[in-house]
Amino acid sequence: MGTNRRKFLNSLLSIGSLGALSAIIYPIISYLIPPKIAEVKVNSLKVGPVAEFKNNSSKIVKFGRTPVILIRTVDGNFKALEATCTHLDCLVQYKNDTQQILCACHNGIYDLQGRNVSGPPPKPLNEYVVSTIDGEIRITSQDERS
Amino acid sequence: MKNKNITKIENWLDERFDLSPIRNLISHKKVPVHGHSIWYYMGGISLFLFMIQVFTGLLLLMYYIPGEDNAYESVQFIITKVDFGWLIRNLHSWAANLMVFFVFLHMFSVFFTNAFRKPRELTWVTGFVLLLLSMGFGFSGYLLPWNELAFFATKIGTDIVGVVPYFGDSLKIILRGGEDVTGATLSRFFGIHVAILPAIFTTLLAIHLIFVQRQGMSEPEEFEKLSEKEKKYIPFFPNFVLQDALLWIIVLIILLGLTVFFPWELGLKADALASAPIGIKPEWFFMFMFETLKLLPAHILFLEGELVGIFGFAVVGIIWMFIPFIKLSKKKELNSKIIRWVGLFSLIYIIVFTIIGYL
Amino acid sequence: MNKKYLYEICSILIIFSAISIFGVQSDATNNSSKYVDECIKCHMENEMMPEHFSQTDVHWQKGLSCAGCHGGLSNEPDEEKSMSKSNGFVGVPNKKEIPEFCGKCHSDISKMQLYQPRITTDQVSQYYVSKHGKQLKVGDLNVATCTDCHTTHEILPASDTRSTVYPINVPNTCNACHGDSKLMEKYNMKANQVEEYSQSVHGIALLKNLDVGAPACNDCHGNHGAIPPGVESISHVCGSCHVNNMNYFNNSVMAQPFSDNGINSCEQCHDYHLIEKPNDEMLNVHESSTCTDCHSSSDEGYLSSEFMYNKIKDLSFLYDSTKVISEEVHIMGMNNIEIEYSLKKIKQSLIQSRTIIHTFDTAQVFAKADEGILASTNALILADNEIEEYFNRRLGYGITTFIFILLAAALYWKIKGLKS
């Protein structure tokens with residue numbers, strides 16, 4: 001066996017090892033760098049401090065893949081309901097003048113309990129549980145309470 | 001050819017720790033070459049896959065959050081948001097399955113080459129316990145993503161424990177951390193999967209490996225009968241080690257291919273109130289037991305069918321574990337023949353029932 | 001304690017229990033005898049029960065027997081006495097009398113309240129407002145009265161699915177007369193209303209999909225006060241469900257010219273009994289589309305319609321393609337959660353811009369549609385990234401495999417070298 005061949009083989013081996021090593025290390029390093037959206041989407045969602053919400057106002061928040069409407073009623077209570085209308089999946093909105101939930105697509109109206117009051121919606125809106133922990137509002141999906 | 005620096009370090013260590021046993025091992029250990037040499041690599045591959053498991057498992061721990069609120073979401077987060085998270089998670093799942101597969105292969109190859117005979121009885125026993133622990137890893141890890149399929153599979157799996165008379169129920173409650181499979185079960189399984197099992201497993205693995213290194217490679221009977229001249233060996237270092245490395249690289253390529261082309265689905269999040277989905281299956285390496293229990297009649301004599309099944313598997317498992325010590329006949333030939341048939345039957349049984357389970 | 005005492009206690013106990021048992025039994029016999037009704041008894045024996053009589057009849061169920069409506073004495077076995085006029089017997093009413101016949105009770109709130117606290121009692125007066133009622137008053141006996149819709153002796157409440165006036169059964173009930181072309185000819189009316197209705201979007205929803213939320217005949221025409229909706233009221237009728245569309249239309253530039261020219265607002269484009277599920281082609285500028293009925297290629301309305309059509313079509317196309325790509329991404333095993341989320345937004349803006357068309361204001365339609373177009377552009381970018389990532393993974397795998405194979409090959413030669 002010629003020394004040239006051995007040299008070639010050894011350099012091939014070291015290049016190969018280096019390549020393999022980098023092929024292993026590169027994914028690991030990129031894995032360890034935390035992604036920009038650092039927090040995991042969870043089944044209980046922190047929405048923000050209570051003080052941020054005025055009475056008689058609402059906000060739509062993204063709860064996993066479902067939008068949820070968080071409403072603070074006139075007397076300061078919180079209510080969270082699924083924000084997709086049961087008719088054709090449009091996003092509902094809170095009407096602070098009539099204190100009802102309106103779907104603008106076909107004028108579907110729900111009361112603050114999420115019950116379909118008038119218009120085309122066939123079913124009430126699903127309810128989410130709102131709890132306040134240390135002045136911060138948390139939304140939990142109902143079946144997670146157990 | 002050795003690098004000067006390496007020699008220096010070696011000498012430094014040698015002065016303090018006396019490296020001669022290791023040096024001896026490296027220079028003297030040899031591996032017999034014969035028709036069944038291929039089976040010598042199975043243990044090595046299992047070890048390699050275990051190392052991958054440790055490695056990817058540690059990486060997953062960086063992002064995984066146990067608990068029923070977060071487990072599913074964090075796994076989803078890992079595979080959708082974290083760079084190469086999909087790779088790490090899929091590697092962990094695929095390598096887990098391959099590892100159990102190769103451990104099984106390793107065990108049966110040792111069995112059929114009669115490598116468990118004296119003096120390797122304890123290597124066999126530790127090896128079998130390692131197999132059980134691997135299955136335990138699989139069972140506890142299956143639940144961690146907290147998806148529907150795993151949730152119900154765990155429910156059924158832990159239900160089976162409850163059949164055991166007298167202490168079955170308490171055992172079930174201990175395992176589940178409550179009456180039912182809940183977030184408490186998840187915490188428990190997480191602890192078992194990342195702390196308890198690894199601790200036991202690594203200790204046993206170390207013992208297992210020390211045994212193997214002390215005793216060297218087992219030689220099959222046909223090989224032993226050969227004259228000294230006819231026996232062929234290759235040195236353990238570097239030949240066998242390099243061949244091991246070559247095989248590991250090939251396994252790694254296959255493994256990566258599986259992760260890229262056949263990613264594991266996460267499925268739907270577990271919902272305790274939902275009805276059980278169609279097609280709940282235990283992992284494939286529990287399938288033969290699951291299928292047996294399913295096919296047993298509800299009652300055998302005055303006993304519950306499931307109980308008989310579990311009792312049967314426990315007895316067979318214990319016998320299997322102590323098989324090197326069993327002497328059924330005074331004639332050595334006959335004894336090994338009987339044992340061989342028992343092993344063949346077990347292997348066929350496992351294969352057939354696994355296949356039935358998937359039909 | 002002596003024995004005598006014990007005997008006494010025992011005998012008292014026995015007597016008490018006997019009394020209580022017999023007492024209960026005699027109560028039971030009393031109850032059943034209460035229902036012996038001489039009318040039923042006799043009419044059953046002589047097989048003279050009215051046609052279609054059913055035990056499920058709401059009056060029968062509430063304990064109202066024959067005499068409740070027909071008068072007379074139900075506890076008097078003597079035919080002469082029980083069915084004499086002096087005892088209040090009225091017999092079978094003639095057709096013209098039927099509304100008052102039912103109204104005896106149904107117009108009397110104090111009677112009706114016993115059965116339903118919130119029941120209305122204006123049916124009869126409503127009836128006389130209707131075309132049916134007016135015709136009956138002038139002696140036309142072809143028209144429907146109470147019994148024609150509600151039946152005579154198998155009346156069920158409207159909430160009962162077996163009732164002739166249960167929403168799903170209403171079209172069929174009306175069709176009994178309104179589908180009779182010979183009868184309708186007398187009034188210069190067509191007899192195909194129900195036929196048309198059953199092919200309409202409402203008819204399909206109610207009759208095929210059994211969606212009781214969809215309107216039956218009575219939901220637009222009223223029931224007891226049935227009259228054909230007038231020109232003024234028709235948009236009102238439609239608007240009672242389609243609120244947004246009505247509001248948009250009434251505030252649009254089209255409202256005035258429509259009413260000035262006597263064009264019926266909704267039905268002009270959507271028809272009335274045969275209301276088809278609206279589609280985007282109605283907005284197009286083909287000959288078959290609705291807008292071109294009045295607008296020709298030179299005027300502003302024609303252009304607006306063309307603009308709005310193209311915009312909606314664009315958005316609808318984008319929605320469809322985003323949906324397809326999202327599915328593709330999902331099948332590839334990649335993440336489509338965000339894409340699915342945007343899909344909801346796109347769909348919403350599509351639905352809303354289709355409704356906003358009723359403002360006939362291109363600016364408003366464009367603004368709404370553009371929201372969806374923006375969302376779908378973002379979704380498509382996301383999808384592209386995912387698909388790119390999918391192929392990047394394969395490329396990465398290819399490169400890694402190449403490196404590993406190189407290493408493996410080098411190792412292989414090395415081992416071969418060692419052996420030789």
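Everything numeric in this text was worked out from a predicted model, so none of it was measured. When reading the values below, keep in mind they use all heavy atoms of this one structure, side chains included, and skip hydrogens, waters and symmetry mates. Letters A, B, ... mirror the listed sequences (proteins, then strands); counts begin at 1.
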Measure the OG1-NZ distance between Thr84(A) and Lys347(C) for me, rounded to the nearest 0.5 Å. 10.0 Å
Assess whether atom NZ of Lys345(C) is packed by more than 12 heavy atoms of other residues, nucleotides or ligands within 6.0 Å. no
Show me the donor-acceptor pairs, under 3.5 Å and distance only, between side chains in residues 398-411 of chain C and residues at least two apart or in other chains.
from      : atom 1 : to        : atom 2 : distance (Å)
Thr400(C) : OG1    : Gly396(C) : O      : 2.4
Thr401(C) : OG1    : Tyr397(C) : O      : 2.5

Taking CD in Glu281(C) as the centre, count heavy atoms belonging to other residues, nucleotides or ligands within less than 6.0 Å. Is the count above 12? yes
By a 4.5 Å heavy-atom criterion (distance strictly below it), what part of Ser22(A) contacts chain C: side chain, backbone, both, or neither? neither
Looking only at non-hydrogen atoms, find the nearest pair between Gln348(C) and Cys90(A) and report the distance. OE1-C, 3.5 Å
For the NZ atom on Lys79(A), are there more than 12 heavy atoms of other groups (residues, nucleotides or ligands in this structure) within a distance under 6.0 Å? yes
Go through the steps to decide whether Leu12(A) and Lys414(C) satisfy the test side chain to side chain contact (heavy atoms under 4.5 Å, CB included), and finish with yes or no. CA-CA 10 Å; Leu12(A) 191 66; Lys414(C) 180 98 185 168; over 6 Å; no
Side chain / backbone / both / neither for Leu18(A) at chain C, heavy atoms under 4.5 Å: neither
Working to the nearest 0.5 Å, report the span between SG of Cys103(A) and CD of Gln352(C). 7.0 Å
